[in-house]
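Note that the structure is a prediction, hence the values are computed from the model and not measured. Values below: all heavy atoms of this structure, side chains included; hydrogens, waters and symmetry mates excluded.
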Amino acid sequence: MKKIIIIIFSFLLSSCSNIKVQDYLYPISIGIDYNNSKYQIYMQLVSYSKISKKENESSFDESYEMIILNSEGNTIFDALTKLQNITKDNISTAHIRSFIIGESLIKNNSNYIEIIRAFFDNNYLRSNLNIFSTKSILDIYKASRIIDNTPYSNEINEPSTFRYLKPINYLHFLKSVYDNRCVYLPYIIVDKDSSSYVDDGEIKENYIIEINGAYFIYNNTFKYFNNEQLIGNFYFIKKENARLEIKDKLYVDIKELKHTISYNNKIIFNIKLKKPTFYIYNINYEEAKNLIKEKIKKEIYFTYNECYNEIDIFNLNDYKNRYNLNNEFDINIEIKNATINYSSRIK
């Protein structure tokens, strides 16, 4: 079983010259939350000195596979100042890959945007870090792997697959906020994968981290939508090798899926399916093509109706206000260079 050490103290993000690499702790992710009027800071990290020991000493304690640091204080500075008094190891931020924001910070502290910005600025965090939101940062860190990052990667460390929302980096997030555009924080959860793996001769359940919706933020408004509500957003993320299915009738493998937005008195969403392969059962190609178009339109309209009255997740007001457009929109679907395969059954 994977073992975890959780250390509860305060720490200071610092760097110091003339210190050997093996004297550093290397966080791979950092998180901030706010509960009971106190700030919580979390770090998920690995010490390369411990990895070296693990490789060279048979007596290495396996419990050091993962280390999670947790601290709290009345201010963020309070929560960042006590590490050097507790541990001899210095902390390097050079390898941090992700930043996680607890939803309690968003809900309970109206200054959360400025807090996030100040945290990045004061601690010299890279602007291209992927940022996420979640209910429990600790649960995320306990479920995700660092040293042993197999058999599955995790969204916080190796974002590789996404369906309705893709990861977003801090610079894109901040720019959208200050341009008064709607922006989202992907919401990550711990989920049990359907497969398992072998560890020390025993079958273990495999837990993974995945994106399940997002907090959408616009001015002083925020709203959470889950994946089911965001089903239409699938068509607004450029994808390669995407698949669409209609049960018992057909599925379509799309070489490239992309979209553009145009306008002519109203907004027009242009959805392009490039080099799709249609696998069809018991219908002809024209019927199959119409079914796919109906599916795309239905799902986009569903997400629009679920979300738009709450918050402008598509940033349509950018176009409406700039070009004096009406409140309607159209969907234009283009299918280019299709290949058709007829089958006796659909898998």
With side chains defined as the heavy atoms from C-beta onward, is the minimum distance between Tyr164 and Ile231 less than 4.5 Å? yes
Please confirm whether Lys107 makes a cation-pi placement over Tyr224, using NZ or CZ under 6.0 Å from the six-membered ring centre and within 45° of the ring normal. no
Does this structure show an ion pair linking Glu294 with Lys297, if we count only N-O contacts that are shorter than 4.0 Å? no
Could you tell me whether Tyr112 and Tyr34 have their ring centroids closer than 6.0 angstrom? no
Flag this pair as yes if the NZ/CZ of Arg117 is under 6.0 angstrom from the six-membered ring centre of Tyr178 and inside a 45 degree cone about the axis; otherwise no. yes
Quick check: are there more than 12 heavy atoms from other residues, nucleotides or ligands sitting under 6.0 Å from CG of Asn241? yes
Arg163 to Lys239 - nearest heavy-atom pair and separation: O-NZ, 3.0 Å
Among Ile101, Ile100, Thr134, the one residue meeting side-chain contact (heavy atoms from CB on, under 4.5 Å) with Leu185: Ile101
Taking the side chain from Asn321 and the backbone from Asn317, do they hold a donor-acceptor pair closer than 3.5 Å? yes
If you look at every heavy atom in Tyr281 and Asp248, which pair is closest and at what distance? CD2-O, 3.3 Å
Kindly give the heavy-atom pair with the smallest separation between Leu230 and Cys307, and that separation in Å. CD2-SG, 4.2 Å
Check ring-ring contact (aromatic ring centres under 6.0 Å, His included) between His259 and all other residues, then give those that pass, not counting sequence neighbours. Phe236
Can you confirm whether Asn341 is buried at CG, in the sense that more than 12 heavy atoms of other residues, nucleotides or ligands lie under 6.0 Å from that atom? yes
Before accepting this row, confirm whether a basic side-chain N of the pair Lys274/Glu334 lies closer than 4.0 Å to the acidic partner's carboxylate O. no
Ser262 and Asn270 side chains, donor-acceptor separation under 3.5 Å: yes
Answer yes if the side chains of Asp78 and Thr75 hold a donor-acceptor pair under 3.5 Å, and no otherwise. yes
Is any side-chain heavy atom of Ile76 less than 4.5 Å from a side-chain heavy atom of Asn122? no
So, Tyr187 versus Asn227: side-chain donor-acceptor pair below 3.5 Å or not? no
Does Lys320 NZ have over 12 foreign heavy atoms under 6.0 Å away? yes
Of all heavy-atom pairs linking Asp318 and Arg181, the shortest is OD2-NE, 2.7 Å
Which of these passes side-chain contact (heavy atoms from CB on, under 4.5 Å) with Ile131: Ile116, Asn169, Leu125, Ile168? Ile168
Not counting sequence neighbours, which residues clear salt bridge (Lys or Arg N to Asp or Glu O under 4.0 Å) with Lys293? List them please. none
Less than 4.5 Å apart, any side-chain heavy atom of Ile271 and any of Leu257? yes
Smallest separation among heavy atoms of Glu310 and Phe225, with atom names: CB-CZ, 3.8 Å
Can you name the closest pair of heavy atoms from Gly31 and Tyr141 and give their distance? N-OH, 3.4 Å
Evaluate the ring planes of Phe216 and Tyr184, with Trp represented by its six-membered ring, and classify them as parallel (under 30°), tilted (30 to 60°) or perpendicular (over 60°). tilted
How long is the gap from CD1 on Ile211 to CG on Leu165, to the nearest 0.5 Å? 6.5 Å
Let me check something: do Ile96 and Leu171 share a hydrophobic cluster, defined by ILVMFWY side-chain heavy atoms less than 4.5 Å apart, either directly or through other members? no
Run the ring-centre check on Phe314 versus Phe329 and record whether the distance is less than 6.0 Å. no
More than 12 heavy atoms of other residues, nucleotides or ligands under 6.0 Å from NZ of Lys255: is that the case? no
Given the side-chain rings of Tyr170 and Phe99, with only the six-membered ring counted for Trp, is the space between their centroids under 6.0 Å? no
Around Lys223, counting heavy atoms of other residues, nucleotides and ligands shown, do more than 12 lie under 6.0 Å from its NZ? no
Exercise: do Thr303 and Asn233 side chains pair donor with acceptor under 3.5 Å: no
